[in-house]
Amino acid sequence: MVARGEIARFWSLESLHMVSSDGGTESSALVDDNGSEEDYSYEDLCQANPRYLQPGGEQLAINELISDGSVVCAEALWDHVTMDDQELGFKAGDVIQVLEASNKDWWWGRNEDKEAWFPASFVRLRVNQEELSENSSSSQGEELEEDAGRSRHKHSESKHQMRTNVIQEIMNTERVYIKHLKDICEGYIRQCRKHTGMFTVAQLATIFGNIEDIYKFQRKFLKDLEKQYNKEEPHLSEIGSCFLQHQEGFAIYSEYCNNHPGACAELSSLMKQGRYRHFFEACRLLQQMIDIAIDGFLLTPVQKICKYPLQLAELLKYTTQEHSDYNNIKAAYEAMKNVACLINERKRKLESIDKIARWQVSIVGWEGLDILDRSSELIHSGELTRITKQGKSQQRTFFLFDHQLVSCKKDLLRRDMLYYRGRMDMDDMQLVDLEDGRDKDWNLNVKNAFKLVSKTTDEVHLFCAKKQEDKARWLQACRDERRRVQEDREMGMEISENQKKLAMLNAQKAGHGKSKAGYSACPAAPPPQSLHPVHQRHVTVPASVPQQQVFALAEPRRKPSLFWHTFNKLTPFRK
């Protein structure tokens, strides 16, 4: 906390007072687009449980759930491909039990029979941990007793009341969110612009992105929500149409989410200096904002866009098919899920292309177009034996990206050095699984083999894996590659040419600037901490956690995935 004396070192209290364009003092009330004012009591909204409404509250809640002994499960947002024993691999939609979450970037969890580290940003917590805990009970008698308890609970609280609870949570969290956006725009941005000696225009654009546009959009959205909100009978509210009406407008979050890592880096650099720390704290105090650091406020839009699908899913759960809003809520849920998915994918791919560019720069003798000209994601990699029609075998390391398969050869003496040997256009290839035995076309005995056959020419590529399970992984990876290409096409997923060029330029600069001894692998995951055995853990959620509270982890900052550790082990200039 900064004392008032420290605040005075930057400005007088009068110079910081909010002044409107006509010279009058601006009210703290929220002004809508028509100029009318609506007073929202922030204290009232947060009274039930302020911790879970504040930025960063989700992370606090997760740690509390785990430390209290609750079973916490998370759902994978997308595939996590890994060949490192320290990491937990999974597919999108898989459920992972979170066992340790003290590290904000890497969590320790269980998937099937394996326990390992996994990136927190690849998952989101299930909405209702209590239901998961009940389902995980090992005793049939306990399950019957809990079922009876839930049945009595449903009788005691009608479905109308449950829908009322969800509607009210959506409305309250939306109003709190608007308050946060207002504080950022008026408490931080406005004051930063007054101090041109401390901030350049470019710095402010990097730190705050397009959050002012988001604030303007969310005010309109909340205004329409308020019109559809039935104060007398909240369960009759029909808010589904609001989400559908503003569906395209939510796309502005993509720019903000993509910009967020850069904002964090710029802010972190400034906060190393005491005068900037005092400045931002002074802004917070004078705006009478809650006790959350500026980076916590700047994370809220990233979290918010990923909360909407979870909230709508919960609302749909308590909306009967006879309800007039059922079809709109169902459509809104799918629409917002697609919006969040598109934003997450774009952000993930932007992070991925930097690593892919650095990988290409490390390959000796690279020829032809940059890998980023057509690809933006590594799907699978490993060793295969390539067989020619003359019966000659070639041991190669292959990297399967979207749209292309790259072939490299290891150095005979330095096995960590790779030489470029070519690539194949996966858009032109058809996958053919082969049974063990003699192949009639090639007149060869093959084992664990498959082919890639060109659709336009007579070109055929025969591959053999060392083990049956390796072959199965490659077959699945090839099918995944086609599926992801189709999904990207349907979602309009594209990385701009400028972003690709910038990634390659940065990779080339980094490659030239590193000595042979300086090219090192990604840091290892933190060591696992001792945990209580799972059977000793309690399986109930603390009563203080609201039933309808939505927990979401929306792309927090994370260190490079250990998945790329595999790349670094196969790149040059490594000891």
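Under the 3.5 Å distance criterion, the side-chain polar atoms of Gln228 are matched with a main-chain donor or acceptor of Glu238. Arg163 places a side-chain N or O within 3.5 Å of a backbone atom of Ser237 that can act as its donor or acceptor partner. For Lys182 (side chain) and Gly187 (main-chain N/O), no donor-acceptor pair under 3.5 Å exists by modelled atom type. Within the 3.5 Å criterion, the main-chain N or O of Ala265 finds no donor-acceptor partner in the side chain of Ser269. When atom types are taken as modelled, the side chain of Tyr256 and the backbone of Leu298 share a donor-acceptor pair closer than 3.5 angstrom. Checking side-chain atoms of Asp325 against main-chain N and O of Leu236 turns up no donor-acceptor pair under 3.5 Å. A donor-acceptor contact shorter than 3.5 Å is absent between the side chain of Asp295 and the backbone of Cys264. Without hydrogens or angle criteria, Asn210 side chain to Ile252 main chain gives a donor-acceptor distance under 3.5 Å. Side chain of His246 to backbone of Phe217: no donor-acceptor contact under 3.5 angstrom is found. Side chain of Asp402 to backbone of Ile379: no donor-acceptor contact under 3.5 angstrom is found.
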Discussion item. Working note: Phe118 + Val98, criterion side-chain contact (heavy atoms from CB on, under 4.5 Å); need CA distance, chi angles, decisive distance, verdict.
Written reply: CA-CA 10 Å; Phe118 64 94; Val98 183; 4.3 Å; yes
Fill in: Trace of the salt bridge (charged side-chain N to carboxylate O under 4.0 Å, His left out) decision for Asp183 with Lys179
CA-CA 6 Å; Asp183 286 341; Lys179 175 68 166 60; 2.7 Å; yes
Worksheet item: Going through the distances and angles, do Gln486 and Arg489 end up as a side chain to side chain donor-acceptor pair (under 3.5 Å)?
Response: CA-CA 5 Å; Gln486 178 64 25; Arg489 187 178 297 115; 2.9 Å; yes
Fill in: Audit row: Glu322, Tyr326, side-chain contact (heavy atoms from CB on, under 4.5 Å) steps and yes/no
CA-CA 7 Å; Glu322 294 75 24; Tyr326 178 81; over 6 Å; no
Item to complete: Applying side-chain contact (heavy atoms from CB on, under 4.5 Å), run through Glu226 and Arg175 and close with a yes or a no.
Response: CA-CA 10 Å; Glu226 297 286 3; Arg175 293 163 183 159; 2.8 Å; yes
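Taking the six-membered ring for Trp, Tyr276 and Phe199 have ring centres closer than 6.0 Å.
In this structure, Glu186 CD and Leu286 CG are separated by 13.5 Å, a value rounded to the nearest 0.5 Å. Here the CG atom belonging to Leu222 is positioned 5.5 Å from the CD1 atom belonging to Ile178, to the nearest 0.5 angstrom. Note: Leu99 CG to Trp117 CH2 = 10.5 Å, rounded to the nearest 0.5 Å. Note that OH of Tyr318 is 11.5 Å distant from CD of Gln161, once rounded to the nearest 0.5 Å. Here the straight-line distance linking atom CD1 of Ile211 with atom CG of Leu204 works out to 12.5 Å at 0.5 Å rounding. Atom CG of Leu181 sits about 10.5 Å away from atom CZ of Arg219, to the nearest 0.5 Å.
Across Tyr253 and Tyr177, no two heavy atoms sit closer than the pair OH-OH, 2.7 Å. Nearest heavy atoms, Val71 versus Gln97: CG1-NE2, 3.9 Å. Nearest heavy atom pair, residue Ala340 against residue Ile305, reads CB-O, 3.8 Å. Counting all heavy atoms, side chain and backbone alike, Ser376 lies closest to Ile353 at CB-CG2, 3.9 Å. When all heavy atoms of Ala263 and Thr206 are compared, the closest pair comes out as CB-O, 3.2 Å. Of all non-hydrogen atoms in Cys192 and Phe279, the two that sit nearest each other are SG-CE2, 3.6 Å.
Relative ring orientation between Phe250 and Phe221 is described as perpendicular, the plane-to-plane angle rising above 60° on a 0-90° scale split at 30° and 60°.
A salt bridge does not link Asp213 to Lys216: none of the charged side-chain nitrogens sits closer than 4.0 Å to a carboxylate oxygen. Here Lys307 does not pair with Glu169 in a salt bridge; the nearest charged N to carboxylate O distance is not below 4.0 Å. Classification of Glu281 and Arg284 as a salt-bridged pair holds, one side-chain N sitting under 4.0 Å from a carboxylate O. The pair Glu334-Lys337 meets the salt-bridge criterion, since a charged nitrogen lies less than 4.0 angstrom from a carboxylate oxygen.
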